[in-house]
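Here is the naming used below: chain letters follow the sequence lines, and residue numbers restart at 1 for every chain.
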Number of protein chains: 2
Amino acid sequence: MTGTEAGAPRKRRADSRRNETALLEAAAAAFVASGVNAPVRDIAARAGVGVGTIYRHFPTRADLIVAVYRHQVEACAAAGPVLLAESATPHAALASWIHLFVDFLVTKHGLAEAMRSDDAAFQTLHAYFLDRLVPVCAELLDAASTAGEIIPDMDALVLMHGVGNLCIGADNPGYDARLMVGLVIAGLRLR
Amino acid sequence: MTGTEAGAPRKRRADSRRNETALLEAAAAAFVASGVNAPVRDIAARAGVGVGTIYRHFPTRADLIVAVYRHQVEACAAAGPVLLAESATPHAALASWIHLFVDFLVTKHGLAEAMRSDDAAFQTLHAYFLDRLVPVCAELLDAASTAGEIIPDMDALVLMHGVGNLCIGADNPGYDARLMVGLVIAGLRLR
DNA sequence: TTGGAAAACGGAACCATGTTCCGTATGTTT
DNA sequence: AAACATACGGAACATGGTTCCGTTTTCCAA
């Protein structure tokens with residue numbers, strides 16, 4: 001035997017792995033250039049592969065988006081506990097963390113829109129972001145409400161949805177997503 | 001001559017007017033059934049006309065949407081001064097008026113999304129809503145800030161944009177647009 | 001080293017939607 | 001009733017997502 005019992009499942013082909021990273025880079029570039037709705041054919045062309053290859057690696061656009069932004073989402077999630085430990089008050093930590101999330105969203109054209117699309121294809125995106133970030137947000141909310149700084153029982157999922165929505169069209173010159181998010185954060189405070 | 005000098009511009013054809021109202025009714029029905037993004041062909045079929053006829057009467061989808069919802073927008077605009085006169089405080093009037101606007105938006109699937117699309121075709125929609133409602137909102141904001149109830153210098157356009165955004169996906173069971181809008185309104189208050 | 005099975009590829013073909021265009025039909029005027 | 005303007009319908013085109021299958025590449029094992 002070769003050592004591994006029930007598997008030895010022939011290692012992934014080299015071209016496959018090559019294409020996957022090429023696609024990730026191409027997608028990242030296309031997203032910057034044309035937003036997360038960049039046409040599939042464009043991304044394929046940038047990566048020098050056929051469209052079929054995209055679908056084989058990333059069945060839905062959401063899978064591709066998640067793959068491209070995974071590190072940044074992880075970083076955001078990780079920042080929650082750190083901010084809570086380092087900030088003067090839980091409410092301050094919550095505010096900082098939300099602004100971090102907003103900064104992430106507003107720099108990705110179309111991501112906020114995609115986040116809230118109810119298209120089945122975006123289910124994965126939805127699920128990933130929410131699974132990863134809602135618990136962090138809930139922890140911050142809980143700390144702040146325990147400290148008596150904010151209204152009790154605020155639902156983290158609703159808050160994240162709302163903040164995401166406020167980031168839609170953030171690059172529109174007549175709009176100011178950060179200001180609106182600031183109002184929401186202020187509105188959470190007990191008076 | 002026929003009497004009228006520089007015009008006598010031959011009255012509109014009967015079939016044209018018939019089709020316009022048929023189209024408005026069909027669009028209203030389609031919007032209720034499938035949201036404001038109902039396929040053009042569906043609307044045409046409901047109205048019993050060809051697609052060309054839609055484009056002749058309503059060059060962009062925004063024109064159609066505006067035509068369908070004009071009365072309701074007008075009603076909302078008209079309610080502003082009334083609320084201001086009847087409410088206990090300007091802030092209360094502002095809150096009521098915004099909730100009125102929210103109620104309007106959340107019952108029109110996809111309208112909030114369309115409102116903030118930067119697609120050129122939605123320019124008309126944007127312009128109409130904003131021209132009509134922003135001044136009303138500005139008046140309410142002004143009254144409230146003059147009364148010292150809310151932060152000064154809040155921009156009505158930004159607020160309307162934000163509220164519109166918060167209404168996106170309002171029918172999603174895990175979300176609560178009214179709650180989020182309530183937080184914004186609370187956040188406007190001086191403490 | 002090489003034969004061939006498995007894996008992955010490319011891109012043509014297909015579908016859904018929005019949009020345009022023009023030959024035809026309808027209404028209006030004289 | 002004839003002649004003209006107006007409006008109509010829907011085929012044809014454009015765009016973008018998605019699927020499918022014949023071909024190519026890689027890997028394993030003899």
Side-chain angles (χ1 to χ4, degrees), chain A residues 1-4 7-24 26-27 30-31 33-65 110 113-114 117 119-125, chain B residues 1-4 7-24 26-27 30-31 33-65 110 113-114 117 119-125:
Chain A
M1 291 294 124
T2 62
T4 44
R10 188 187 250 197
K11 73 184 172 201
R12 201 130 146 266
R13 270 175 55 164
D15 55 348
S16 173
R17 236 166 322 164
R18 229 179 10 248
N19 281 333
E20 182 167 320
T21 65
L23 274 173
L24 281 174
F31 289 174
S34 335
V36 300
N37 292 309
V40 182
R41 285 182 245 264
D42 284 8
I43 300 173
R46 274 176 194 265
V49 305
V51 285
T53 301
I54 290 198
Y55 285 95
R56 212 164 301 109
H57 285 276
F58 306 98
T60 73
R61 178 177 295 272
D63 294 310
L64 186 52
I65 296 175
E113 286 89 331
S117 161
D119 184 335
F122 287 87
Q123 184 53 37
T124 310
L125 183 65
Chain B
M1 289 300 120
T2 61
T4 43
R10 187 186 253 199
K11 74 184 174 201
R12 218 146 121 250
R13 267 173 59 165
D15 55 348
S16 173
R17 234 167 322 165
R18 228 178 13 246
N19 281 333
E20 183 166 320
T21 63
L23 235 19
L24 280 174
F31 289 174
S34 336
V36 299
N37 292 309
V40 183
R41 282 181 247 264
D42 283 9
I43 301 173
R46 275 176 193 265
V49 305
V51 285
T53 300
I54 289 197
Y55 284 96
R56 214 166 301 111
H57 285 277
F58 306 99
T60 72
R61 177 176 296 270
D63 294 310
L64 186 53
I65 297 175
E113 287 87 331
S117 161
D119 184 333
F122 288 87
Q123 184 54 37
T124 310
L125 183 66

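Applying the 3.5 Å distance criterion, the base of C:dG10 shares a donor-acceptor pair with the side chain of A:Arg56.
Close to D:dA7, at under 4.0 Å from its OP1 or OP2, lies no side-chain N or O of B:His57. An OP1 or OP2 oxygen of C:dA7 is reached within less than 4.0 angstrom by no side-chain nitrogen or oxygen of A:Ser16.
B:Leu23 has its CG atom 14 Å from the P atom of D:dA7, to the nearest Å. Residue B:Phe122 contributes atom CZ, which lies 10 Å from atom P of C:dG18 at whole-angstrom precision. What separates CZ of A:Phe58 from P of C:dA8 is a distance of 13 Å, to the nearest Å. Between the CG atom of B:Asn19 and the P atom of C:dG27 there is a distance of 10 Å, rounded to whole Å. C:dC9 atom C1' lies 15 Å from atom CD of A:Glu20, rounded to whole Å. B:Arg41 places its CZ atom 10 Å from the C1' atom of D:dA11, with the value rounded to the nearest Å. For the pair B:Tyr55 OH and C:dC21 P, the computed distance is 13 Å after rounding to whole Å. Note: CG (A:Leu64) to P (D:dG16) measures 17 Å, nearest angstrom.
Contact annotation: the side chain of B:Arg61 never approaches that of B:Leu125 to less than 4.5 Å [non-hydrogen atoms, C-beta and beyond]. Considering only heavy atoms from C-beta on, B:Ile43 stays 4.5 Å or farther from B:Arg46 through its side chain. Residues B:His57 and B:Thr53 form a side-chain contact, since some pair of their non-hydrogen atoms from C-beta on lies under 4.5 Å apart. Within the 4.5 Å cutoff, the side chain of B:Leu24 has heavy atoms near those of the B:Phe58 side chain. Two residues are said to be in side-chain contact when any heavy atoms from C-beta on lie closer than 4.5 Å; A:Phe31 and A:Leu64 meet this criterion.
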With the criterion being N/O to N/O and under 3.5 Å, what pairs connect the protein with nucleotides 26-30 of chain D, and how long is each?
unit_1	atom_1	unit_2	atom_2	d
D:dT26	OP1	A:Arg18	NH2	3.2
D:dC27	OP1	A:Ala14	N	3.0

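Within a heavy-atom distance below 4.0 Å of DNA chain C, the residues of residues 42-52 of chain A found are A:Gly48, A:Val49, A:Gly50, A:Val51, A:Gly52.
Minimum interatomic distance between B:Ala62 and B:Thr124 (heavy atoms only, all atoms of both residues): CB-CB, 3.9 Å.
Side-chain atoms of B:Asp63 come within 3.5 Å of backbone N or O of B:Thr60 as a donor-acceptor pair. Under the 3.5 Å distance criterion, the side-chain polar atoms of B:Arg41 are left unmatched by any main-chain donor or acceptor of B:Val51.
No salt bridge links B:Glu20 with B:Arg56; every basic N to acidic carboxylate O contact stays at or beyond 4.0 Å.
Residue contacts for A:Arg61: at a heavy-atom cut-off of 4.0 Å it reaches the sugar-phosphate backbone alone, with no base atom in range.
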